[in-house]
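Quick notes on the structure that follows.
Counting from 1, the numbers follow the sequence of the chain as shown.
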Amino acid sequence: MADLLVRGVDEALVRKLKERAAAHGRSAEAEHREILASALKRPRRRSFAEVLASMPDVGIDADFARIEDEEKLRPCT
């Protein structure tokens, strides 16, 4: 596993890191690793088909007809 050294960190940030670590019952180093991991993890990219499938059903195609096509939508009487 690699090591990471961060220099020139503001004392106020270090204090907040230590406070956050204590609140989570971890060392400052473990908290730092958790913050980095959560910030850099990327969610799995969904396929186009998955995105389309997740869209709610909002009506029928006729609900989205163009205004100039409205005559075609009127029922014949």
Side-chain angles (χ1 to χ4, degrees):
M1 195 167 292
D3 291 330
L4 177 65
L5 176 64
V6 182
R7 298 174 201 251
V9 178
D10 186 347
E11 282 296 321
L13 286 176
V14 173
R15 188 173 49 256
K16 292 229 181 233
L17 175 67
K18 289 179 179 180
E19 290 170 2
R20 182 174 163 164
H24 292 132
R26 296 189 269 246
S27 68
E29 185 176 339
E31 188 69 19
H32 189 194
R33 278 193 300 270
E34 180 59 33
I35 291 168
L36 282 172
S38 65
L40 298 175
K41 284 181 185 171
R42 293 187 180 165
R44 183 183 72 81
R45 288 188 64 165
R46 296 187 303 165
S47 70
F48 185 64
E50 289 172 318
V51 172
L52 288 177
S54 71
M55 292 176 145
D57 184 14
V58 294
I60 59 174
D61 289 345
D63 293 337
F64 301 98
R66 295 181 192 177
I67 292 173
E68 65 259 21
D69 292 343
E70 219 167 280
E71 269 187 33
K72 295 176 187 175
L73 296 175
R74 292 189 192 141
C76 297
T77 53

Inset, instruction - Share the residues that join Leu5 in a hydrophobic cluster, the rule being Ile, Leu, Val, Met, Phe, Trp or Tyr side chains under 4.5 Å apart at the heavy-atom level. - result: none

Legend entry - Salt-bridge contact Arg44-Glu50 (side-chain N to carboxylate O under 4.0 Å): yes

Inset, instruction - Would you mind listing the cluster partners of Leu52? Hydrophobic ones only (ILVMFWY), side-chain contacts under 4.5 Å, chaining allowed. - result: Phe48, Met55

Inset, instruction - Quick one: list whatever passes side chain to side chain donor-acceptor pair (under 3.5 Å) with Arg15, sequence neighbours left out. - result: none

Inset, instruction - With sequence neighbours excluded, give me every salt bridge (charged side-chain N to carboxylate O under 4.0 Å, His left out) pair touching residues 32-42. - result: Glu29-Arg33

Inset, instruction - Under the side chain to side chain contact (heavy atoms under 4.5 Å, CB included) rule, collect the residues that match up with Glu11, sequence neighbours excluded. - result: none

Legend entry - Set of residues satisfying side chain to side chain contact (heavy atoms under 4.5 Å, CB included) with respect to Ala22, sequence neighbours excluded: none

Legend entry - Val51: partners by side chain to side chain contact (heavy atoms under 4.5 Å, CB included), with sequence neighbours left out: Arg46

Inset, instruction - Please list, chain by chain and in numerical order, all residues satisfying side chain to side chain contact (heavy atoms under 4.5 Å, CB included) with Asp10, sequence neighbours excluded. - result: Ala12, Leu13

Legend entry - Hydrophobic cluster (4.5 angstrom, side-chain heavy atoms) - remaining members for Ile35: Leu17

